[in-house]
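Each ligand, and each atom within it, is numbered from 1 in the order the structure gives.
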Amino acid sequence: MILVVGSINMDFVIEVDKLPQKGESVHGKNIRYIPGGKGANQAVAVKRLGADVALIGKVGEDVFGKDLRKFLENEKLDLSGLQTAPTSSGIAAINVDKSGDNTITIISGANGEVTPEFIEENINLVKESKVVISQFEIPDDAVEKLFALAKKDNKITILNPSPAKQISPKLFKNTDYLVVNETELALLSKMKVRSQKEIEIAAKLMHSKGPKAVVVTLGADGALTISGKETITTDGIKVKAVDTTAAGDCFVRAFAVQIEKGRNLKEALDFANQAAAISVQKMGASSSLPLLNEITS
Ligand code: RIB
């Protein structure tokens, strides 16, 4: 089983011709309410690839909380680690422009209530899983506790440190696979990542801090991975992007499913790259996550 611990949001997705710049107002064409959140997206995505998945997280007591719970129930995830907190649900305000690029603002709400104690209450789910995934839309101390418990039990851990912020040495040590995009890599390494050479140098620095492998997703340019002394490059797949929201989530889950199956790194990366290329061709986060037969057909 794969365990995902992370955020559950209601995404307010607004289509715009052009993303608003500082001080600018723009007209939106329409608004859609689509379940999202990096934790929920990754968990749903794993399930759609046919793997068993449990999600630990919290929704709020409001109407969105009810909708989000119903959505996750319909996706048939193990929700024994899902709780309703006496607060509002997580919200993401997302602008998507004509080329599929976006800006995202999140309000944590109930996601901020995922504490280390809550992780401990759900220790059985950690024990039952083979792979554990998390991101940075829940409190840092909860992610640290999760990975410490997971590594104590020899689980495979995958960290997607998004939205990017510094990673503690302890968390680095307990992370097997670190999956970042270029922006996250630049922030974490405090280095410029304008060329493949610079990306490789920054990724090697991250690798020296503990993870078995560092995967850098490069959007339309594929991915670059540092593992041991090896650099693996994965070519980009040219598609017409409609919305890049959750492409990273899609990549992480497809990668996790392959690692859980015991596939080698190159196979896992190629598969994840294909999955992410499919997801950017549809609008929305959870609504764009492909099924297994869409990737392998
Ligand atoms: O990665 C995409 C996700 O980021 C969105 O679904 C939004 O909820 C934010 O968490």
When distances are taken from atom 2 (C) of ligand 1, the protein heavy atom at minimum range is D249 OD2, 3.3 Å
Find all atoms of ligand 1 within a distance of less than 4.0 Å from any non-hydrogen atom belonging to N9, and give their numbers and elements. 7 (C), 8 (O), 9 (C), 10 (O)
Numbered atoms of ligand 1 (with element) below 4.0 Å of A285, judged on heavy atoms: 6 (O)
Determine the interplanar angle of the F255 and Y177 rings, folded into 0 to 90°, and report it as parallel if under 30°, tilted if 30 to 60°, perpendicular if over 60°. perpendicular
Test side-chain hydrogen bond (donor to acceptor under 3.5 Å, both in side chains) applied to E75 and R48, K70, K47, the passing residue: R48
Lys/Arg N to Asp/Glu carboxylate O, K58 vs E113, below 4.0 Å: no
Selected option - heavy-atom contact closest to atom 4 (O) of ligand 1, from K38, M10, Q135: K38
Tell me whether the count of non-hydrogen atoms from other residues, nucleotides or ligands lying under 6.0 Å of NZ in K266 goes above 12. yes
Quick one: closest heavy-atom pair of S279 and A246, and the distance? OG-O, 4.4 Å
Without hydrogens or angle criteria, can the side chains of E15 and N30 be said to hold a donor-acceptor pair below 3.5 Å? yes
Any nitrogen or oxygen of T245, side chain or backbone, less than 3.5 Å from one on ligand 1? no
Check: K204 side chain, I226 main-chain N or O, donor-acceptor pair, under 3.5 Å: no
Should S7 be counted as touching ligand 1, given the test is an N or O pair under 3.5 Å? no
Note: ligand 1 atoms sitting under 4.0 Å from heavy atoms of D11 are 5 (C), 6 (O), 7 (C), 8 (O)
Atoms of ligand 1 less than 4.0 Å from A92 heavy atoms? 7 (C), 8 (O)
Below the 3.5 angstrom mark, is there an N/O of I94, backbone or side chain, next to an N/O of ligand 1? no
Can you report which non-hydrogen protein atom sits closest to atom 9 (C) of ligand 1, along with the distance? E137 OE2, 3.5 Å
Do the side-chain N and O atoms of D62 and S89 include a donor-acceptor pair separated by under 3.5 angstrom? yes
Measuring from the heavy atoms of G248, does anything fall under 4.0 Å of ligand 1? no
Give the atom numbers and elements of ligand 1 that come within less than 4.0 Å of a heavy atom of G36. 6 (O), 8 (O)
